[in-house]
S.K.: 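Got a structure for you, written out below as structure tokens; questions coming shortly.
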Amino acid sequence: MGVSSTVPLLLRAARGEKVDRPPVWMMRQAGRYMKAYRDLREKYPSFRERSEIPEVAIEVSLQPWRAFQPDGVILFSDIVTPLPGMGIDMDIAEGKGPIIFSPIRTQAQIDNLRPLEPETALPFIKTILGSLRQEVGDKSTVLGFVGAPWTLAAYAVEGKGSKTYSVIKNMAFSDPAILHQLLTKFAESIAEYVRYQIDCGAQVVQMFDSWAGQLSPQDYDTFALPYQKMVFDLVKQTHPDTPLILLVTGSAGLLERMATSGADILTIDWTVDMADARRRLGKDVKVQGNLDPGVLFGSKEFIRDRILDTVRKAGDWGHILNLGHGVLPETPEENVAHFFETAKNLNALV
Ligand code: CP3
């Protein structure tokens, strides 16, 4: 069919075309559960090196591609990678995640933030995405990703991962004006970053609002949703044809709200049955997900049955098969291989 046959499966499904089987990839498909990644980590112990030296980041991104041929190949990076370009210095500590050296707590610090200029601050992204496109050609879809304003603000204000979000909630619930300024700055810079990733070759971009599920629905409406929408609206103004995915962790109480964000596709985590998600969202909303990452600790039959169950419930349109969140570090590689093999042979099984 001429041109359309050269468009990879995931991109076609993300655009809303009917496809023979749901495309499949895994969040965090590059990482610690893979021996090849752990070996490379010995040689490059710093996460920033692994993700910012183009040759290394390309190699890590391609490890799951070579092992499993997923329908999506995601850039190896982190949501906090653009922060230094705005004047927020950080590192990513093994086993802990992002550490912000001077957490943002004052008006003066917010005034001092620079708008992100991706070409100068993140030149390695261009090399990485360009190489990934070249490497996978038409056989897979290259995904970019960013953090959403609320989740980036949570790291910037707390200074690290948090269980309680007490510092940013203190700011939100006692001095909201200052937080709104920070969220606006993040939204503008993140929109620029998404545009840059698309210009560098990303065919689909996923925005992670990982910690927005920590907000009550009314606070999600105030501090998360408007800024998700700001990013998506800004990107759509210049890049209307690139599908955009939204993930919120713990989103069962937020699905209908997420659907108003302007995202093209919503990630559904495993706290919601896929059939319920479809009912609640209606037939026009595309979805991604939603197996419990823990399913990959089960037997081969169990993994297959859960894939079939999810695919049947999701129906034959607008579904990207994935876990509901990232693959866990202890996951057996052979179960990941089995997941991909089963998913890619689905039209023979369903
Ligand atoms: O999906 C992929 O394969 C791309 C890789 C990816 C990483 N981080 C690499 C990484 C993606 C999409 C991210 C996004 C990210 N980073 C999110 C959103 C996704 C989510 O989990 O909700 C968040 C919240 C972060 C912040 C962050 N960075 C955390 C919480 C951690 C883990 C801390 C730990 O050690 O458990 C990191 C570090 C990180 N980023 C790792 C990886 C593979 C683990 C460190 C390592 O493998 O060396």
Side-chain angles (χ1 to χ4, degrees), residues 24-52 56-65 67-68 70-83 88 90-100 125 128-129 132 140-156 158-163 165 190 193-194 197 202 204-214 224 228 245-251 267-270 288-289 293 320 322-331 336 340:
V24 58
W25 69 287
M26 268 188 207
M27 286 183 271
R28 294 267 169 108
Q29 63 191 12
R32 285 168 290 186
Y33 76 96
M34 286 190 90
K35 181 172 186 310
Y37 178 83
R38 294 193 302 272
D39 288 347
L40 198 124
R41 195 169 58 168
E42 310 244 299
K43 210 162 147 209
Y44 300 95
S46 137
F47 186 94
R48 288 199 61 179
E49 278 182 357
R50 291 197 292 286
S51 54
E52 297 181 22
V56 187
I58 292 162
E59 175 60 25
V60 176
S61 308
L62 290 176
Q63 285 173 343
W65 165 244
F68 316 115
D71 296 304
V73 172
I74 188 165
L75 162 75
F76 186 75
S77 185
D78 201 87
I79 55 169
V80 293
T81 299
L83 297 188
I88 303 175
M90 62 84 190
D91 201 1
I92 299 178
E94 183 143 1
K96 289 209 179 76
I99 306 286
I100 308 301
I125 293 295
I128 300 167
L129 285 170
L132 294 182
S140 190
T141 299
V142 172
L143 295 111
F145 74 91
V146 294
W150 165 263
T151 291
L152 291 178
Y155 278 113
E158 297 281 342
K160 53 184 173 14
S162 173
K163 284 206 168 73
Y165 300 87
I190 289 305
Y193 188 30
V194 176
Q197 289 190 10
V204 173
V205 178
Q206 175 155 328
M207 186 158 80
F208 289 89
D209 212 346
S210 302
W211 311 138
Q214 297 289 328
Q228 295 165 355
I245 309 175
L246 176 64
L247 169 138
V248 172
T249 305
S251 59
T267 291
I268 311 297
D269 70 26
W270 66 98
Q288 171 170 269
I320 297 171
N322 205 320
L323 304 174
H325 202 190
V327 57
L328 296 164
E330 306 84 4
T331 306
V336 173
F340 279 113

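Counting convention: from 1, in listed order, for ligands and their atoms alike. Just the heavy atoms: all of them, side chains too, but no hydrogens, waters or symmetry mates, feed the values below.
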S.K.: Could you establish whether Val80 and ligand 1 come within less than 4.0 Å of each other, counting only heavy atoms on the residue side?
M.R.: no

S.K.: Under a 4.5 Å cut-off applied to non-hydrogen side-chain atoms, are Leu247 and Ser210 in contact?
M.R.: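 Yes, close enough: below the 4.5 Å cut-off.
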
S.K.: What part of Lys96 sits under 4.0 Å from ligand 1 if we count only heavy atoms: the side chain, the backbone, both or neither?
M.R.: backbone

S.K.: Around atom 30 (C) of ligand 1, find the nearest protein heavy atom and jot down its residue, atom name and distance.
M.R.: Tyr155 OH, 3.5 Å

S.K.: Are Arg28 and Tyr33 close enough that a side-chain donor and a side-chain acceptor fall under 3.5 Å?
M.R.: no

S.K.: Tell me: protein heavy atom nearest atom 46 (C) of ligand 1, and distance?
M.R.: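 Nearest protein contact, heavy atoms only, for atom 46 (C) of ligand 1 is Tyr37 OH, 3.2 Å.
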
S.K.: Ligand 1 and Trp25, any nitrogen or oxygen pair closer than 3.5 angstrom?
M.R.: no

S.K.: Among Gly213, Ser210, Ser77, which one puts a heavy atom closest to atom 9 (C) of ligand 1?
M.R.: Ser77

S.K.: Would you mind running through ligand 1 and noting each atom that sits below 4.0 Å from a heavy atom of Ile74?
M.R.: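 Once the distances to Ile74 are compared, the set is 1 (O), 2 (C), 3 (O), 4 (C).
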
S.K.: Would you mind running through ligand 1 and noting each atom that sits below 4.0 Å from a heavy atom of Ala30?
M.R.: 3 (O), 43 (C)

S.K.: Can any side-chain N or O of Asp91 pair as donor or acceptor with the backbone N or O of Ile99 at less than 3.5 Å?
M.R.: no

S.K.: Mark the output for Gly326 as yes if a heavy-atom distance to ligand 1 is under 4.0 Å, and as no if none is.
M.R.: no

S.K.: Among all protein heavy atoms in this structure, tell me which lies nearest to atom 31 (C) of ligand 1, with the distance rounded to 0.1 Å.
M.R.: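 Protein heavy atom at minimum distance: Gly97 CA, 3.8 Å.
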
S.K.: Side-chain contact test, heavy atoms from C-beta onward, threshold under 4.5 Å: evaluate it for Thr151 versus Trp211 and give yes or no.
M.R.: yes

S.K.: Between Asp39 and Lys43, is there a side-chain N and carboxylate O pair less than 4.0 Å apart?
M.R.: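 Lys43 and Asp39: not salt-bridged.
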
S.K.: Could you grab the distance from atom CD1 of Ile58 to atom CH2 of Trp65, nearest 0.5 Å is fine?
M.R.: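 That separation rounds to 15.5 Å.
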
S.K.: Could you tell me which residues satisfy salt bridge (Lys or Arg N to Asp or Glu O under 4.0 Å) with Glu94, sequence neighbours excluded, listed by chain and number?
M.R.: Arg41

S.K.: Using a 4.0 Å cutoff against the non-hydrogen atoms of Trp211, which atoms of ligand 1 qualify?
M.R.: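 Listed by number with element: 24 (C).
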
S.K.: Given Ser51, Gly31, Ser61, Pro98, which has its nearest heavy atom closest to atom 29 (C) of ligand 1?
M.R.: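 Selected option, by shortest heavy-atom distance: Pro98.
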
S.K.: Do Gln228 and Val248 have side chains that approach each other closer than 4.5 Å (heavy atoms only, starting at C-beta)?
M.R.: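 Result yes, sub-4.5 Å side-chain heavy-atom pair found.
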
S.K.: For atom 32 (C) of ligand 1, which candidate among Arg50, Arg28, Gln206, Arg38 holds the nearest heavy atom?
M.R.: Arg28

S.K.: Which residue supplies the protein heavy atom nearest to atom 16 (N) of ligand 1, what is that atom called, and how far is it?
M.R.: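 Here the closest protein heavy atom is Asp78 OD1, 3.0 Å.
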
S.K.: Is there a side-chain contact between Ile79 and Tyr155 in this structure, where contact means two heavy atoms from C-beta onward sitting under 4.5 Å apart?
M.R.: yes

